[in-house]
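Contents: one structure, followed by commentary.
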Amino acid sequence: QVQLQESGPGLVKPWETLSLTCTVSGDSTPFYYWAWIRQPPGKDLEWMGVISYTGSTYYNPSLKFRTSIARDTSKNQFTLQLLSVTPEDTGVYYCAASKTLIRGATTRKLYDSWGQGTQVTVSS
């Protein structure tokens, strides 16, 4: 099983780009799908997107034009970039790993691992 740890700035100004990193450790098996999921305050979890072990990406249609997920296999990391953030992007951001492709689902038990989450606040 892999262990995941999110990192990035806790505070981002409106209209800037949010960049988060998820560092992977543990299981060296390369055949994972790496996802980003977030939870705004008082709202449900929202699936943002996923990148496969081949580099293919799938995004939430509502975030597609602002979201980019990439991976750096040499560093055992994958990243999230969210463009032009607004206060509505405030929330806890999680990275997650699965051995099968999951598109849209946020149920924890479907994933093999979750990070602890990192709080992101968008404010001037």
Side-chain angles (χ1 to χ4, degrees):
Q1 189 174 8
V2 296
Q3 290 78 47
L4 307 175
Q5 179 64 59
E6 305 90 347
S7 60
L11 180 64
V12 184
K13 293 182 179 179
W15 307 114
E16 291 187 342
T17 296
L18 167 66
S19 295
L20 296 176
T21 298
C22 184
T23 301
V24 180
S25 60
D27 187 352
S28 61
T29 302
F31 305 116
Y32 276 94
Y33 295 84
W34 312 100
W36 286 98
I37 297 164
R38 69 179 182 178
Q39 186 166 30
K43 297 184 179 180
D44 293 334
L45 289 165
E46 180 180 34
W47 181 83
M48 300 184 70
V50 63
I51 186 166
S52 77
Y53 52 87
T54 63
S56 298
T57 52
Y58 308 87
Y59 297 111
N60 184 326
S62 69
L63 298 170
K64 178 179 180 180
F65 296 108
R66 295 200 295 133
T67 307
S68 178
I69 298 174
R71 64 197 178 110
D72 186 338
T73 56
S74 66
K75 295 182 179 179
N76 288 332
Q77 294 177 334
F78 64 105
T79 60
L80 170 73
Q81 284 199 326
L82 185 64
L83 307 178
S84 303
V85 297
T86 69
E88 284 68 39
D89 294 309
T90 293
V92 179
Y93 285 70
Y94 299 92
C95 55
S98 61
K99 293 183 179 178
T100 59
L101 177 60
I102 300 172
R103 296 175 64 174
T106 57
T107 304
R108 282 181 176 262
K109 65 180 180 181
L110 294 177
Y111 293 87
D112 293 88
S113 295
W114 280 67
Q116 293 182 330
T118 186
Q119 173 69 43
V120 174
T121 300
V122 179
S123 175
S124 56

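The salt bridge (charged side-chain N to carboxylate O under 4.0 Å, His left out) pairs that include a residue from residues 105-124 number zero, where partners must be two or more places apart or lie in different chains. The stretch residues 73-93 participates, sequence neighbours left out, in these ring-ring contact (aromatic ring centres under 6.0 Å, His included) pairs: W34-F78, W36-F78.
In terms of heavy atoms, I102 sits closest to V50 at O-CG1, 4.1 Å. The shortest non-hydrogen separation linking G117 to Y94 is CA-CD2, 3.5 Å. Residues V120 and P9 approach most closely at CG2-O, 4.0 Å, considering heavy atoms. Looking at every heavy atom in both residues, A35 comes nearest to Y111 through CB-CE2, 4.1 Å. When all heavy atoms are compared, the tightest approach of L83 to F65 is CD1-O, 4.3 Å. Nearest heavy atom pair, residue A97 against residue Y32, reads CB-CD2, 3.9 Å.
Among residues two or more places apart in sequence or in another chain, the side-chain hydrogen bond (donor to acceptor under 3.5 Å, both in side chains) test is passed with E46 by R38. In terms of the side-chain hydrogen bond (donor to acceptor under 3.5 Å, both in side chains) criterion, residue partners of S62 (sequence neighbours excluded) are, by chain and number, N60. Contacts of R71 classified as salt bridge (charged side-chain N to carboxylate O under 4.0 Å, His left out), with partners at least two apart in sequence or in another chain: none.
Between the T57 side chain and the I51 main chain, no donor and acceptor come within less than 3.5 Å of each other. Side-chain N or O atoms of Q39 include none that pairs as donor or acceptor with a backbone N or O of V92 at under 3.5 Å. Using a distance-only test at 3.5 Å, with no hydrogens or angles considered, a donor-acceptor pair links the side chain of T67 to the main chain of L63. Side-chain atoms of S113 come within 3.5 Å of backbone N or O of V2 as a donor-acceptor pair.
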Inset, instruction - Could you walk me through whether Q116 and L4 pass side-chain contact (heavy atoms from CB on, under 4.5 Å), step by step? - result: CA-CA 8 Å; Q116 293 182 330; L4 307 175; over 6 Å; no
Inset, instruction - Carefully, step by step, assess M48 and L82 under the rule side-chain contact (heavy atoms from CB on, under 4.5 Å). - result: CA-CA 10 Å; M48 300 184 70; L82 185 64; 4.2 Å; yes
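A donor-acceptor contact closer than 3.5 angstrom is absent between the side chains of T100 and S98.
Separating the CD atom in Q3 from the CD atom in Q1 is a distance of 6.5 Å, to the nearest 0.5 Å. Atom OH of Y59 and atom CD1 of I69 lie 5.0 Å apart (nearest 0.5 Å).
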Donor-acceptor pairs under 3.5 angstrom involving side-chain atoms of residues 11-24: please list them, not counting sequence neighbours.
residue	atom	partner	partner atom	Å
E16	OE1	K13	N	3.4
S19	OG	Q81	NE2	3.4
T23	OG1	Q77	NE2	3.3

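In this structure, the ring of Y53 has its center less than 6.0 angstrom from the ring center of F31.
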